[in-house]
Number of protein chains: 2
Amino acid sequence: MRRGAEAKEVVVDGVRAAILNGEMSPGQRLVEAELTEAFGVTRGSVRSAFADLAAEGLVERIPNRGVRVRRVSVAEAVAILECRGVLEGLIAARAAMRVDADQTAQLEEIGDAMRVAVASGDVLTYSRLNSRLHAAVSEIGAQPVAADLISRLRSQIVRHQFQLSLRPGRPQVSLPEHLAIIDAVVARDADAADRAARRHVESVIAALQQDETAPAAGGNPVEVGVD
Amino acid sequence: MRRGAEAKEVVVDGVRAAILNGEMSPGQRLVEAELTEAFGVTRGSVRSAFADLAAEGLVERIPNRGVRVRRVSVAEAVAILECRGVLEGLIAARAAMRVDADQTAQLEEIGDAMRVAVASGDVLTYSRLNSRLHAAVSEIGAQPVAADLISRLRSQIVRHQFQLSLRPGRPQVSLPEHLAIIDAVVARDADAADRAARRHVESVIAALQQDETAPAAGGNPVEVGVD
DNA sequence: CCAGACATCATTGTTGACAATAGTATCGGC
DNA sequence: GCCGATACTATTGTCAACAATGATGTCTGG
């Protein structure tokens, strides 16, 4: 059995993964004893992990009744995405001001690969490129605070985003938006980068609201779902 | 001795307050046993409070060596404020779209009172009005997620903001910025509200950077320091 | 007098037992 | 047969003792 702080991380990561791939669904109750056994850690580690997950907003504590997987409504998801929008805009704008030649090449390479992936219908590759793009822009923008907030917000709505990424036709919508971000950053146009990043998130919001009545998903995400 | 979850809150609030008023300074080590005695709670409550405070970014844990009050450099404070800027902009823009007649009157009342307070040099009243303004805009904007992020970010730099608010002449700078936010919201001009809110935060950033070489403060904040 | 090893101490981390709580089933009165 | 009270069970919350860790001080050989 793993011990100490390491054990806590095992549980945190395990629960995160379980929420992402749907093994644990919103509203589901998480019993300490069960996770203790499932992960082979002590109860203390599980409790400590719960504290972390609650702080991250992935889970909610109900006094004397344990924790449940947080259920985030579409309305809440929209509010979260609105925040993400302005923060992504900030990062993109900064990236546009700081980007160098090497990074420009890297971004353009990602853009080209995205085009290919979407054209050939390779959703998995597209998703991975998507992650790379976000990571690259985030690194170029050098805004660790904003990046941290975004990753926290993102983790709260992984399920929504995952379902969205499964929507047929979604890559065709998001591709030009991603390319617009790349173009603006490469052109060192901070204002355009801000607008492009916001517009992209707005498009995610619109799709999400449209999806409200037509749900789907349940499959294994692998690494998909980063739209 | 207080018990349970209540005790944890006592410690969290107590440490927050102590950091704000300078009783606990950045880098200072917080020993569990000392706080246990100081607050009259059990060690478990203190540890639990530490977990909360660390998640909030007010304090940092060093494995096997306890927690220290987080030292946030001016550069970090700027990064934090940059995030706050776009988030405040979001809230202000939303407020401009949602404001009703009652709220308009309320905002204008705050604005008038601010003018009077600054004219008469009543810093304390001005600070309180400042808080009221933020709260009012936040409520009108109805963006709980953004508001929550802001309050978290704000708590990380309370000391910086407090020092800033003591600067002579600072109210004369911030007053017109605040009034611009009010005017834009009242005029239901979302774009102007966004710009005004951002501009205000940018002015805080500029003042903070200027202050970098000329520190001050140490006194009792009471309720000052919400610039 | 200095360096390194060792012992000591203060402090944090972990654990297992115990207490408190909420939910559930059982029983008795009507 | 239904309703309320009561006992029971499952689960979370708390605590105090114990273990591990890192820092500090001391001693010894060179």
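In what follows, chains are A, B, ... by sequence order, proteins preceding strands, each numbered from 1.
Relative ring orientation between A/His200 and A/His134 is described as tilted, the plane-to-plane angle lying within the 30° to 60° band.
Residue A/Asn64 contributes atom CG, which lies 5 Å from atom P of C/dA22 at whole-angstrom precision. Atom CD1 of A/Ile62 is separated from atom C1' of C/dT21 by 14 Å (rounded to the nearest Å). Atom pair B/Glu32:CD and D/dA20:C1' shows a separation of 14 Å (rounding to whole Å applied). Atom CZ of A/Phe50 is separated from atom C1' of D/dG13 by 14 Å (rounded to the nearest Å). The interatomic distance linking A/Arg43 (CZ) with C/dT14 (C1') rounds to 13 Å, in whole Å. For the pair B/Glu34 CD and C/dA10 C1', the interatomic distance rounds to 11 Å; values are reported in whole Å. Rounded to whole angstrom, the span from the NZ atom of A/Lys8 across to the C1' atom of C/dT14 amounts to 14 Å.
In this structure, A/Arg47 does not reach the D/dT12 phosphate: none of its side-chain N or O atoms is under 4.0 Å from OP1 or OP2.
Evaluation of atom-type donor-acceptor distances gives no pair under 3.5 Å for the side chain of B/Arg61 against the base of C/dG13.
Side-chain polar atoms of A/Ser45 and A/Ser48 form no donor-acceptor pair below 3.5 angstrom. A side-chain N or O of A/Ser174 and one of A/Tyr126 form a donor-acceptor pair less than 3.5 Å apart. Side-chain atoms of A/Ser203 and A/Arg170 include a donor-acceptor pair closer than 3.5 Å.
Here A/Arg16 pairs with A/Asp13, A/Glu56 under the side-chain hydrogen bond (donor to acceptor under 3.5 Å, both in side chains) rule; sequence neighbours left out.
In this structure, A/Gln28 places its CD atom where more than 12 heavy-atom neighbours from other residues, nucleotides or ligands lie under 6.0 Å away.
B/Gly66 comes within contact range of the sugar-phosphate backbone alone, with a heavy-atom separation under 4.0 Å but no base atom that close.
For the contact set between residues 23-31 of chain B and DNA chain C, defined by any heavy atom under 4.0 Å, the members are B/Arg29, B/Leu30, B/Val31.
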